[in-house]
Amino acid sequence: MTIATGQCCAPIARQPLSESDAADLAVLLKAVADPVRLRLLSMIGSHAGGEACVCDLTDAFELTAPTISHHLKVLRTAGLIDCERRGTWVYYWIIPSAVARLGELFTPLAEPAGV
């Protein structure tokens, strides 16, 4: 998705999305359209040091570990997070460019001239 600078409107209001961009963005939007996944993304992104151990995430939910793992896999498959195993634990972090792409879809890039 190409975003021109100096525009007053969010990309979604400026011009129609291409079929390819719409399909790519739909994957990201679908991944965060679940409350558990949205909370996980928020918890990972706001965790001290920019990454969170799965052990820090599971206690916040009344869900089984396999269910949490499923939600993390959906976020990872969508390209919103990545992970690394360290010993017995897995650590997760946000992929800033993917999360920023969601924000850029709806955020105006600049105020109109003269405002």
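Nearest heavy-atom pair across A98 and G79 is CB-O, 3.2 Å. Closest heavy-atom contact between L75 and A31: CD2-O, 3.9 Å. Across A60 and R39, no two heavy atoms sit closer than the pair O-NH2, 3.5 Å.
Shown here is E19, whose CD atom has no more than 12 heavy atoms of other residues, nucleotides or ligands within 6.0 Å.
Residues meeting the side chain to side chain donor-acceptor pair (under 3.5 Å) test with T58, sequence neighbours left out: none.
With a 4.5 Å cut-off on side-chain heavy atoms, R37 and V32 do not count as touching. A heavy-atom distance below 4.5 Å is found between the side chains of L80 and L41. Contact check for E84 versus V90: no side-chain heavy atoms found under the 4.5 Å cut-off. Annotation: side chain of L29 is in contact with side chain of L105 (closest heavy-atom distance under 4.5 Å). Within the 4.5 Å cutoff, side-chain heavy atoms of L72 are placed close to those of I44. Looking at Y92 and D82, their side chains never come closer than 4.5 Å, going by heavy atoms from C-beta outward. Taking the side chain as every heavy atom from C-beta outward, W93 and I81 never approach each other to under 4.5 Å.
The same ILVMFWY cluster, assembled from side-chain heavy atoms under 4.5 Å apart, contains both I68 and L38.
In terms of modelled atom types and a separation under 3.5 Å, the side chain of S46 and the main chain of S42 share a donor-acceptor contact.
A cation-pi geometry, defined here as NZ or CZ lying under 6.0 Å from the six-membered ring centre and within 45° of its normal, does not hold between R85 and Y91.
The pair R101-D21 meets the salt-bridge criterion, since a charged nitrogen lies less than 4.0 angstrom from a carboxylate oxygen.
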